Student: 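Starting off with a structure, shown below.
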Amino acid sequence: MTDAERETVRAFISRHVHDLKVGDDEDLFATGYVNSLFAVQLVMWIERTFDVPLEGTDLDFANIRSVSAIGAFVDRKREALAGGGGWTST
Amino acid sequence: MDFDLSPEQRELRRATIAFARSELGAAAADDDRESRFPARDWARCAEHGVLGWPVPARYGGRGLDPLSTMIALEALGYGCRDNGLVFAVNNHLWGCAVYLLLHGTEEQKTRYLKPMCDGALVGAHALSEPEAGSDVLGLRTTAVRDGDHYVLDGTKWFVSNGPVADVFVVLARTGGETGGAAGGGAGRGRAQDALSAFLVTADLPGVHRTREFTKLGLRSTPMGAVEFDGARVPAGNLLGREGSGYAIFNATIEWERAFMFAGHLGVMERLLESSIAHASSRRQFGRAIGGFQAVAHEIADMKIRLELARLILYRVGWLKRERRLALQDATIAKIFVSESLVRTAMAAVQVHGARGYLNGYDLERELRDALGGPIFAGTSAVQRGILAELLGLSGVLSGAPEGG
């Protein structure tokens, strides 16, 4: 994730935590800044903003608990995109 | 973008309708009257492969992709007159089997999915409690680690399939009353990490299927309470890791919110066809009643709702086939499809007049069955709150941010 993209993440989160400045490694959910539905909203925003197709199982708090975690998560998804893959039925 | 069904999907639809019409629902009216689970029809569904449609072949299922599963469920809803049976199948698949498919270990899948596909085990989702339903983080059932087991205590209510179920997916609190104050576990500190998901079999000591609820509709799906009184559940029955129950629930609920309503499409089409047939043959004032604009417009609206409902559900099926997140679309689908069926069933009753209102013509049962849709799997009010929050409005459903 580029620095500009990381700033986009910071700005989005800031808008949802009453314009507070959140540290890159600060746990969004432990601090009580956001409610649990924000997790889903955040994941949907990540999918749309960074154009990375996400799965239901990506809804893991470990992926989105901080700005740094989000950056690493997006990087992992981008790397995995080359592999692709749909429903496995066998 | 291709809106056509493949030849395989067309054949699946044809075969499912033929099976459902000829093999299922013969005693639907009696089973409804007696609130009786149609065990023989359930066995026929198992023989036909219905109970394992989305389950990979190596676990005993048919291995249909999600979009094809959606199409098959629509066909089942169309061909089967017993909406309660279809609802029971959906609870088995989307309240239980899908949790195993998405989050189960290889050992758990191997042990449970095959008997769930062949009809030996009936699955259910024990989620709601007397004091908690849609507020999942407020669940009170506890699970405390004790050696190689978790000890479960608590009461689950409104468990569809509960009175006949052999295996339950159960969400319980492993992180203490306030997210980590007691009970230890990985979730110390975060309410979202306080829950864990378990597979609990009904034959374990301390698992009691207690009261059975009587319902307005979908009466052939039994609904009951399940109590856990010091039930010792093997640690090997934990789904995912300890403390991941809420994430598992969020990652899985989109399946239930959409796939459980595919059968509604079939019912809407059946009601539309019945209404057209009646409006074309019933004559009043010297002409078929379908010639009156008041009746014709009701029927036109039935068709509009059906086609729009089909589009949103097929879109969810496509998203899941592509392994994509579908929570927003599934939430829209849940609201629109369930409410559309109520309006269509209501319109069908109106079009049929007295024949719509009386026992013995099926339509009054269709209306009663439809009324549950906007309530179960999260009410329309809750779904609209979720949707609004997903769109960025805070505090609509959940109040002030936690800790804020």
Side-chain angles (χ1 to χ4, degrees), chain A residues 8 11-20 22 26-66 69-70 73-74 76-77 80-90, chain B residues 54-58 61-69 98 102-103 136-137 179 189-193 240-241 243-244 246-255 319-328 330-331 385-386 388-404:
Chain A
T8 305
F12 179 78
I13 291 171
S14 178
R15 284 203 301 276
H16 289 82
V17 295
H18 312 293
D19 293 328
L20 291 173
V22 178
E26 198 169 351
D27 190 324
L28 301 169
F29 299 95
T31 53
Y33 287 148
V34 294
N35 64 47
S36 52
L37 270 175
F38 178 71
V40 183
Q41 187 185 339
L42 180 56
V43 166
M44 287 172 47
W45 178 82
I46 290 169
E47 181 178 50
R48 196 169 58 245
T49 303
F50 300 110
D51 198 23
V52 284
L54 301 184
E55 306 175 37
T57 47
D58 289 324
L59 266 171
D60 189 324
F61 291 102
N63 292 331
I64 53 173
R65 68 171 74 257
S66 67
I70 291 167
F73 171 58
V74 170
R76 283 199 305 277
K77 295 305 290 188
L81 265 181
W87 181 258
T88 303
S89 61
T90 56
Chain B
V55 177
R58 66 178 180 277
R62 176 83 177 270
L64 296 183
D65 68 82
L67 181 56
S68 297
T69 301
V98 72
L102 299 179
H103 309 289
V136 174
L137 293 177
R190 273 184 292 271
Q192 297 91 341
D193 294 344
R241 66 177 187 276
S244 66
Y246 187 66
I248 286 175
F249 172 78
N250 270 330
T252 314
I253 195 66
E254 59 183 2
W255 292 80
L319 281 168
K320 298 317 296 179
R321 191 184 71 183
E322 300 301 310
R323 304 184 71 95
R324 297 274 298 278
L325 192 66
L327 190 59
Q328 181 171 286
T331 305
I386 291 170
E389 296 240 7
L390 293 180
L391 295 173
L393 299 176
S394 60
V396 179
L397 186 69
S398 51
E402 291 149 11

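Owing to the predicted nature of the structure, the values given are computational and were not obtained by experimental measurement. In what follows, chains carry the letters A, B, and so on, assigned in the order in which the sequence lines appear, proteins first and then strands, with residues in each chain numbered from 1.
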Student: How far does CG of B:L393 sit from CD of A:Q41, to the nearest 0.5 angstrom?
Tutor: 8.5 Å
Student: For B:L390, is it the side chain, the backbone, both, or neither that has a heavy atom closer than 4.5 Å to a heavy atom of chain A?
Tutor: both
Student: Side chain, backbone, both or neither: which part of A:E47 has an atom under 4.5 Å from a heavy atom of chain B?
Tutor: side chain
Student: Which answer fits A:R65, side chain, backbone, both or neither, if we ask what part of it has an atom under 4.5 Å from a heavy atom of chain B?
Tutor: side chain
Student: Determine the sole option in B:R323, B:E322, B:K320 for which the side chain to side chain contact (heavy atoms under 4.5 Å, CB included) test with A:E55 is passed.
Tutor: B:R323
Student: Supply the atom-to-atom distance B:Y246 OH to A:L59 CG, rounded to the nearest 0.5 angstrom.
Tutor: 9.5 Å
Student: If you count heavy-atom pairs within less than 4.5 Å of chain B, which of A:D58, A:L54, A:L42, A:D60 leads?
Tutor: A:L54
